[in-house]
Amino acid sequence: MPNILEVNNLKVYYHTSKGPVKAVEDVSFSLAPGERMGLVGESGSGKSTIALALMKAHKYPASIENGKIMVGKTNLIDLDEEEMRKTRLKEIAMIPQGAMNSLNPVKRIKPQIMDALIDHDLKLSKTEKENFLTKLMESVGLDYSVVNLFPHELSGGMKQRVCIAISISMQPKVIIADEPTSALDVIVQRQVMETLYEVQENLGAACILIGHDMGLMAQFADKIGIMYAGKMVEMGTVLDIFKKPKHPYTRLLIDSLPDTNSKRDLIGIPGIPPSLLNIKEGCSFCLRIGQRTTSKIPWVKVSKNHYYQKCSKCSNYGKSKKRVKG
Amino acid sequence: MSWDYVIKRFLLFLAVIFVAVTINFIIPRLRDTNPIEERLYQLAAQGGVNVSKIKELTAIYEAKYGLDKSIGEQYLNYWNDIFHLDFGWTIADRTPVINEIMRAVPWTIGLLTVATFIAFIVGTIFGALLAWPKTGNFVKYFVPLLMTLSAIPYYLLGIVFIYLFAINWGVLPTAGAFGFGVKPGWTLEMITSVLWHAIMPAASIVLTSIGFWGLGMRGMMITTMGEDYMKFAEYKGLKDRRVFLSYGVRNALLPQVTGLAISLGTILAGSVLVEVIFAYPGLGNLLYRAITSNDYFLLQGIILFIIVSLGFSLFLIDLIYPLVDPRIKLEGGEDG
């Protein structure tokens, strides 16, 4: 099946007075319809910037320097503002990060769903509207009566379901979920993720899930992309990433997960990520562990669909389990 | 709307009125001078009154005005009079206070309500546009200039206006609410005359308060722009105008509404200087006259009127606010 989303060499810089902050540097990935990708990385690694760039909702001083974002046959980079506005929700939708405050507090749910449809020139008769809303609410596990409530009358989980419902209301081909469960407790988290999984399966939409929760990723995603310092350092299936991590950062990330089989101290990742301001070419992970960087980092194919950026200096870092506690 | 809430608010309104009336009754009586005696001595100083008989005269007048009765009885009488809308007689012209007030109130309400609403609407729109990133350069540079006017007191601006437009260029009338030769009534001549005379006082209020509304709205709008629902509105692919109006402005407006209510409530009292400068026959001018001529009854009547109107507008806002912001519960619950 042809890919529904293709991102090629995406570069997003924040232009500051001190120089460009290279938040996203040469990131490429592709998704087939129905495919789920997890985007993992620490804060500031560029995950959310990628999401904003895909929606073209990035704000000054951010700018897309280079790259292609192909949704189907359209390159989003080429669209003007009005065309992009119509593309949002119809082709590519984003489930927001802060579900608690993502709904307009002074409007009932129904108009908040309907105004998106109206602005996409979708006209429904009264009965069509009713059917549409009933189905939509049902698909996210909510009762129809919820549409007549105000956001403050809903629980956190219900609000997030409403956000999911709004995001899928125009049946987008790509759904981006930026930490959709960050404000919820684990039980509701699971329920919401199941809902997201279901609606995404039914729509057959490609989905990008952004977050730091490796457990959630392992359950939800087909493949995982590891972001580090604005670059995607490794990309592979869930099994590849968890069983055969190649990049030192991925390896440390996997090692840092708590182990339920043996009692051991929790291990952190040493150092802090480098500043992305005027960052030089080369391996950013070397900067973190205090090594000189080499300039060319080639992509190495491990197996089908499993790639990583191999740095000749640090790729063996942390392979032995004796490490400084973080 | 639940009746519980309305009744609760109304009782609060009544309580405010009760306290206000009581204070209004007590304060003049705290003075150790006797107003009747004072007035009689004043007359005596002009001649024509037998000074030796003043004590007797005072007693006669006190009996006439009911001031010889006990304080409790006077207080009850005061309430009784208020219920009959009887605020006594002005000392200056011996006309009923209520008539004086009623004659002045329409002018004040007319001038200030219109001026306040214009300033509120224009200022709020400008303030919201200033915080909106897609606003054109004209607004971005012109409005802050306009806002500097709010640093000038409105009465000062009024004097400048009189000097420029009325005295120097002679295009607008200096004072009054309508021309001398115009016969009051619903005629075209009267209406244009009234509008013509209202331009300067209204403009001085509007121009100096646009900045107040604008800056308040700008601040609220900036806060609102950072909210998650604004971002989600953009992700939803809504049209800019809808995001601006029904997501941004709609939410940023909430504190402005409270401000509007309070300034509408203080309209009756807040215009003294403008009305005095432009010799506008409104309540502010009347209040000024009452103070300068020691007209106790008039003063008391006006103050009571102002308090009741302020209390009433706050009561109205209490009723309207839950409709504007659904998070405020009509049941009067604490959560919101």
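Throughout, a chain's letter reflects where its sequence line sits, starting with A, and its residues are numbered from 1.
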message: So for A/A93, is it side chain, backbone, both, or neither that comes closer than 4.5 Å to the heavy atoms of chain B?
response: neither
- prompt: Would the number of heavy atoms belonging to other residues, nucleotides or ligands and lying under 6.0 Å from NZ of B/K134 be above 12?
  reply: yes
statement: Turns out that what part of A/L52 lies under 4.5 Å from chain B's heavy atoms comes down to side chain
Non-hydrogen atoms of B/S246 and A/N104 that approach each other most closely: O-ND2, 3.0 Å
- prompt: If every non-hydrogen atom of A/H152 is compared with every non-hydrogen atom of B/P326, which pair is closest and at what distance?
  reply: CE1-O, 3.3 Å
task: Name the member of A/Q112, A/M84, A/Q97 that forms the most heavy-atom pairs with chain B at distances under 4.5 Å.
output: A/Q112
query: If you count heavy-atom pairs under 4.5 Å between each of A/L103, A/I176, A/L89, A/D115 and chain B, which one has the most?
result: A/D115
- prompt: Would the number of heavy atoms belonging to other residues, nucleotides or ligands and lying under 6.0 Å from OH of B/Y155 be above 12?
  reply: no
- prompt: Checking heavy atoms, do the side chain of A/K59, its backbone, both or neither come under 4.5 Å from chain B?
  reply: side chain
- request: With a 4.5 Å cut-off on heavy-atom pairs, point out which of A/P172, A/S167, A/P151, A/C163 contacts chain B the most.
  value: A/C163
query: Under a 4.5 Å heavy-atom cutoff, which of A/R108, A/E153, A/M100, A/H120 has the most pairs with chain B?
result: A/H120
task: Measure from the side-chain N and O atoms of A/D119 to the backbone N and O of B/K239, and report whether any donor-acceptor pair falls under 3.5 Å.
output: yes
- prompt: Atom CD1 of A/I166 and atom NZ of B/K236: how far apart are they, to the nearest 0.5 Å?
  reply: 4.5 Å
message: Tell me whether B/D240 is salt-bridged to A/R85, with the criterion being a basic N under 4.0 Å from an acidic carboxylate O.
response: no
- request: Mark yes when over 12 heavy atoms from residues, nucleotides or ligands other than B/K140 sit less than 6.0 Å from its NZ; otherwise mark no.
  value: yes
task: Would you mind checking which part of A/M94 comes under 4.5 Å of any heavy atom in chain B, side chain (CB onward), backbone (N, CA, C, O), both or neither?
output: both
query: Are B/Y235 and A/D178 linked by a side-chain donor-acceptor pair shorter than 3.5 Å?
result: no
message: Would you say CD of A/E82 has more than 12 non-hydrogen atoms from neighbouring residues, nucleotides or ligands within 6.0 angstrom?
response: yes
field: Part of residues 138-149 of chain A lying next to chain B, heavy-atom separation under 4.5 Å
entry: none
message: Are A/P96 and B/K231 packed together at the side-chain level, in the sense that at least one heavy-atom pair is separated by less than 4.5 angstrom?
response: no
query: Got B/E234 and A/R88 here, is their nearest side-chain heavy-atom distance under 4.5 Å?
result: yes
task: Might you confirm whether atom CZ of B/F315 has over 12 heavy atoms from other residues, nucleotides or ligands at distances under 6.0 Å?
output: yes
